[in-house]
Amino acid sequence: MTDTKRLADLLFPDIKETPQELMDSCYPVRDLPQGALVTRFAPSPTGFLHIGGVFASMAAERAAHISGGICILRIEDTDKKREMDDGVSIIVNGLSDFGIRFDEGVKADGSESGGYGPYIQSKRRYPYHVFCKDLVEKGLAYPCFCTAERLSEIREEQEKAGVTPGYWGEYTSACRERSIDEIEALIAAGTPYVVRLRSPGKPGGRVKFRDVIRGEIEMEENFVDVVLLKSDGIPTYHFAHIVDDTLMRVTTVTRGEEWIASAPIHLQLFWLCGLKAPKYAHVPSIMKEDNGGKRKLSKRKDPEAAVSYFVEEGYPADAVMEYLLTIANSNFEDWRKQNKTASYTAFPFALNKMSPSGALFDLIKLQSVSGTVISLMTAEQVLESVLEWSERYDRELFELLNADKAKALQIFSIDRGGSKPRKDIAKWNEVRAYISYFYDELRQAEGEALEIAAEDQKAILTKYLTVYTPTESKDEWFSDIKAMCEEVGFCPDVKAYKADPAGYKGHVGDVSSVIRVAVTGRKNTPDLCAIMNVLGKDKVTERINEYLERI
RNA sequence: GGCCCGUUGGUCAAGCGGCUAAGACACCGCCCUUUCACGGCGGAAACAGGAGUUCGAUUCUCCUACGGGUCACCA
C-alpha cells in the first residue's frame with residue numbers, strides 16, 4: 001500500500017466510496033433541455049439579507065428560469081461563528097417576499113426539497129470527506145498540524161520579508177514532508193490538524209478563465225496550500241464550493257465580484273479533482289454615493305442595504321425587482337416600454353448583458369419605477385397591498401381602511417385605470433398623507449393657504465353652497481362651477497381670462513382652487529369631483545362651512 | 001504593498017474601429033389642462049488623463065490617476 005493510500009485511510013477510515021461512485025449513485029446528470037442553466041444562491045445564515053444578495057439571487061433565479069433550468073438555494077453554514085438562530089428563515093422569507101422562487105433547496109422552515117441535497121453544508125460532511133480522501137490518496141492534500149501561533153509567526157516573517165503571505169513554498173516544509181508514521185503518532189496523540197491542498201502552483205504562474213459578465217480574466221495562479229478541511233472536519237468555502245456545485249450539477253456559478261480573487265484557487269481545485277469547472281458569472285456590487293465617490297453599500301451605515309428597509313418603507317416587491325432589473329440588464333427598460341403590463345418574469349434576462357461595474361443604488365429612480373408599477377395596479381390590488389403593509393407598519397391607517405373597505409376602494413379608484421394613470425404613490429408609507437383628507441382622523445386642521453382675497457373666497461363658497469348638487473358626472477359638476485363664475489367676478493373660461501386679465505378677479509381655475517382647498521385643505525389633488533363624491537354631500541358642506549368660519 | 005476588477009452626461013446606461021455618441025431617472029422650458037399629476041414636444045448635460053496601433057479611436061495596446069475588491073481553520 002502506498003503511503004498516500006495509507007494516509008487517506010488513516011484520515012478517513014469510514015470513507016469507502018470514490019467521488020465518481022458517489023456521483024453516479026446519488027447525483028446523476030440532470031435531464032434538462034438544451035441550454036438550460038442550473039444556478040444557485042448560497043448565502044450564509046447571518047440573519048441579514050443585503051440588497052446585493054437580492055440582486056445576485058435575482059440574477060441567478062432569472063437566468064435559470066428564463067432558460068428552462070433550475071435554481072437552487074443552498075445554505076453555507078460552514079462557519080458557526082457568523083450563524084444566527086433564525087438566519088435561514090429570515091433569508092428564505094426575505095427572498096420569497098421579493099418573488100424569488102427556488103426549485104430546490106432549503107425552505108423557510110428549514111426543511112428541504114430536491115434530489116441533490118442535502119442543501120445545508122453542515123449536513124454534507126460525508127460528500128466533502130469523500131472528495132477530500134480522494135485528494136489525499138492522490139497525494140494532492142495532506143494534514144497540517146501547525147498551530148494558530150505558528151501560522152501568525154509565518155505571517156509576520158513574510159510581512160517583514162515583503163513576500164506574499166500564506167502557507168506556501170518553504171513555509172510548508174514542516175507539514176508537507178511529514179512521514180506517515182509521524183502523522184500517525186500525532187493523530188494518535190490527539191493533535192488537532194487541518195487538511196491542506198498540496199498546491200502545484202508557482203508564483204508567477206498564470207491562469208485564464210472566461211467570466212460570463214466580464215469576459216477573459218487572467219490572474220496569477222494559486223500557489224498557496226489552502227485549507228480544505230478545518231480542524232473540525234468541516235470544509236472551507238473553497239472546498240465546499242467545488243464539491244457542492246459539482247454534485248448539484250450547477251452549470252453557472254453566480255456570486256459576488258469579491259470572489260474573483262479566489263477563482264484561481266477554485267479553478268485549480270476543479271482541475272486537481274479531475275472535474276470540469278462550471279461557468280462563472282461574478283456579479284457587481286451595489287454601490288452607494290458617498291461624498292462624491294462610490295463605495296459598497298454598507299450594512300452598518302446604510303439603512304437601504306438591508307432589504308427590510310424596502311419592506312418597511314412599503315415599496316412593492318415587484319417595484320424593487322423591476323428596478324434591480326433595470327440596473328442588471330439595461331435593455332429591460334426598452335422591453336418594459338414595449339410590454340407595459342407583462343410580468344417582469346417574461347423579460348429575457350441575460351447574465352452576459354450585465355454591466356461589470358458596480359451600480360450606484362438610485363433611490364430616486366426606484367421611486368419612479370415604483371410609482372409606475374403602482375399606477376398600473378387596480379384599486380383592489382392597491383387596497384390589498386396597503387392593508388397588508390399597514391397592518392404591520394401603520395396600525396391606525398390599517399384600522400381606518402379596514403373599517404370601511406368600500407370607501408377605501410373608492411378613494412384608490414380615483415383617476416386610476418385610464419390610459420394615463422396618476423403616479424402619486426411610490427410606496428405604501430406615502431398613502432397616509434395621500435389620502436389624509438378623506439378621513440377626519442388623519443386630516444390636519446390647518447389646510448394650505450390660497451392667495452385669493454378672503455372676501456372673494458367667501459363669495460365663491462357661499463355661492464357654491466347654493467348651487468352644489470352631487471353628481472357622478474364630471475361635466476355637470478364642472479358646468480355648475482362655470483355657471484357661477486360670472487356672478488362672483490371670475491371668468492368661466494381660462495383662455496378668455498388670459499386675453500383680458502383686467503376684466504376679472506380670476507378664472508374658473510381659481511374658483512375650483514378655492515373649493516378644493518376648502519374641501520380638502522390642499523391646493524393639489526386628483527379629480528375634485530370624484531373626491532367630493534367619496535366624501536358625500538354632508539361632509540362637503542360641513543367642510544366648506546367650517547372653512548368659511550376660519551377665513 | 002502584490003494580484004485582480006472597474007472608469008461614457010448628476011445617476012443608470014447603449015456602443016463593441018468610421019454615428020450629429022441612443023434611451024431612462026432627475027433637472028429646466030413649452031403644450032395639454034379646473035389644481036397637481038399623467039402625457040406630448042423641446043433643452044442643458046458625457047467618452048478620467050497621456051502615449052501608441054491605425055487612413056480613422058469611446059471602441060484595440062501600454063502607462064498614469066481615481067474608485068472598488070482580495071490576500072483567514074469567514075463566507
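Below, read A as the first sequence line, B as the second, and so on, with proteins coming before strands; counting in each chain starts at 1.
- Rounded to whole Å, the separation between the P atoms of B:A46 and B:G23 comes to 15 Å.
- For B:C71 and B:C12, the P atoms lie 26 Å apart once the distance is rounded to whole Å.
- Side-chain nitrogen and oxygen atoms of A:Ser368 include none within less than 4.0 Å of the OP1 or OP2 phosphate oxygen of B:A24.
- Checked against B:U34, B:A24, B:A75, the side chain of A:Val508 finds its nearest nucleotide in B:U34.
- For the P atoms, the distance from B:A14 to B:C60 is 14 Å, rounded to whole Å.
- As judged by a 4.0 angstrom heavy-atom cut-off over every strand, A:Ser262 is placed among residues making no nucleic acid contact.
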Please convert RNA chain B into dot-bracket. A pair counts if it is Watson-Crick or G-U wobble with both distances under 3.5 Å; crossing pairs go in [ ] and bases paired with another strand get |. ((((((((.[[[..)..(....]]].(((((.......)))))....[[[[[..)....]]]]])))))))....
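- A:Glu218 comes within 4.0 angstrom of sugar-phosphate atoms only, judged by non-hydrogen atoms across all strands, and of no base.
- Of all heavy-atom pairs between A:Val250 and A:Pro278, the closest is O-CB, 3.8 Å.
- When distances are taken from the side chain of A:Met219 to each of B:G23, B:G68, B:C4, the shortest belongs to B:C4.
- If you check B:C73, B:A75, B:U11 against the side chain of A:Ser231, the one that comes closest is B:C73.
- Looking at heavy-atom distances under 4.0 Å, A:Thr525 makes contact with a base.
- At the heavy-atom level, A:Lys474 lies under 4.0 Å from base atoms of the strands shown.
- Side chain to side chain, A:Ser285 and A:Glu257 meet the donor-acceptor criterion of an N or O pair below 3.5 Å.
- Checking B:C36, B:A75, B:C3 against the side-chain heavy atoms of A:Glu76 singles out B:A75 as nearest.
- Residue A:His238 contributes atom NE2, which lies 8 Å from atom P of B:A75 at whole-angstrom precision.
- Here the P atom of nucleotide B:U35 and the CG atom of A:Leu528 are 12 Å apart, to the nearest Å.
- Rounded to whole Å, the distance from CZ on A:Phe478 to P on B:U35 is 8 Å.
- A:Arg214 contributes no side-chain N or O that forms a donor-acceptor pair with the base of B:C5 under 3.5 Å.
- For B:G40, neither phosphate oxygen OP1 nor OP2 lies less than 4.0 angstrom from any side-chain nitrogen or oxygen of A:Lys420.
- In the set B:C12, B:A13, B:U33, B:A13 carries the atom at the smallest distance from any side-chain atom of A:Ser330.
- Comparing the same atom, C1', in B:A48 and in B:A65 gives a spacing of 8 Å after rounding to whole Å.
- Here A:Asp527 lies in heavy-atom contact (under 4.0 Å) with a base.
- Salt bridge annotation for A:Glu322-A:Arg336: present, with a cationic side-chain nitrogen under 4.0 angstrom from a carboxylate oxygen.
- When heavy atoms are screened at a 4.0 angstrom cut-off, A:Arg155 is found touching the sugar-phosphate backbone but no base atom.
- Checked against side chain to side chain donor-acceptor pair (under 3.5 Å), A:Gln457 has the following partners two or more places apart in sequence or in another chain: A:Tyr547.
- Among the atoms of the strands shown, only primed sugar atoms or phosphate atoms (P, OP1, OP2) are found under 4.0 Å from some heavy atom of A:Arg196.
- Nucleotides B:G50 and B:C55 have their P atoms positioned 22 Å apart, rounded to a whole Å.
- For A:Tyr497 and B:U34, the OH to P distance is 15 Å, given to the nearest whole Å.
- Rounded to whole Å, atom P of B:U11 lies 14 Å from atom CD1 of A:Ile327.
- Between B:U61 and B:A75, the distance separating the two C1' atoms is 37 Å to the nearest Å.
- The nearest heavy atom of RNA chain B to A:Gly509 and to A:Asp334 marks one nucleotide each, and the one closer to the 5' end goes with A:Asp334.
- Taking atom NZ of residue A:Lys353 and atom P of nucleotide B:G23, one finds them 19 Å apart after rounding to whole Å.
- With respect to A:Tyr323, the ring pair (Phe, Tyr, Trp, His ring centres under 6.0 Å) criterion is satisfied by exactly one of A:Phe55, A:Phe361, A:Phe332: A:Phe361.
- Heavy atoms of A:Trp477 sit under 4.0 angstrom from at least one base atom.
- Note: A:Tyr128 and A:Phe239 have tilted aromatic rings, judged against thresholds of 30 and 60 degrees for the angle between ring planes.
- The interatomic distance linking A:Ile213 (CD1) with B:G68 (C1') rounds to 16 Å, in whole Å.
- Residues A:Trp477 and A:Tyr468 keep their aromatic ring centres 6.0 Å or farther apart.
- For A:Val194, the side-chain atoms get nearest to B:C73 when compared with the rest of B:C73, B:U34, B:C25.
- Listed nucleotides B:C25, B:C38, B:C74 differ in distance to A:Lys423; the shortest reach to its side chain belongs to B:C38.
- Taking atom P in both B:A13 and B:G29, the straight-line distance is 29 Å, to the nearest Å.
- Within the 4.0 angstrom heavy-atom criterion, only backbone atoms of the sugar-phosphate kind lie near A:Arg206; the bases stay farther away.
- Look at CZ on A:Phe412: it is 17 Å from C1' on B:A37, rounded to the nearest Å.
- The listed nucleotides are B:C74, B:U35, B:G69; the one nearest the side chain of A:Glu258 is B:G69.
- Here A:Cys485 lies out of heavy-atom contact (under 4.0 Å) with every strand.
- Between B:C5, B:A75, B:C4, one nucleotide has an atom nearer to the side chain of A:Trp259 than all others, and that is B:A75.
- Side-chain contact, A:Gln158 with A:Thr164: no donor N or O sits under 3.5 Å from an acceptor N or O.
- Of the charged side-chain nitrogens involved, none lies within less than 4.0 Å of a carboxylate oxygen, so that A:Arg82 and A:Glu76 do not count as a salt-bridged pair.
- Counted within 6.0 Å of CD on A:Glu216, heavy atoms from surrounding residues, nucleotides or ligands total more than 12; the atom is thus considered enclosed.
- Of the P atoms belonging to B:G52 and B:U58, the separation is 14 Å, rounded to the nearest Å.
- Between A:Leu366 and A:Lys230, the residue whose closest nucleotide on RNA chain B is further toward the 5' end is A:Leu366.
- Across B:U34, B:A75, B:C12, the shortest atom-to-atom separation from the side chain of A:Asp79 is found for B:A75.
- Taking only distance into account, the side chain of A:Arg516 meets the base of B:U34 through a donor-acceptor pair shorter than 3.5 Å.
- Between A:Phe41 and A:Phe102, the angle of the ring planes stays under 30°, which puts this pair in the parallel group of the 30/60° scheme.
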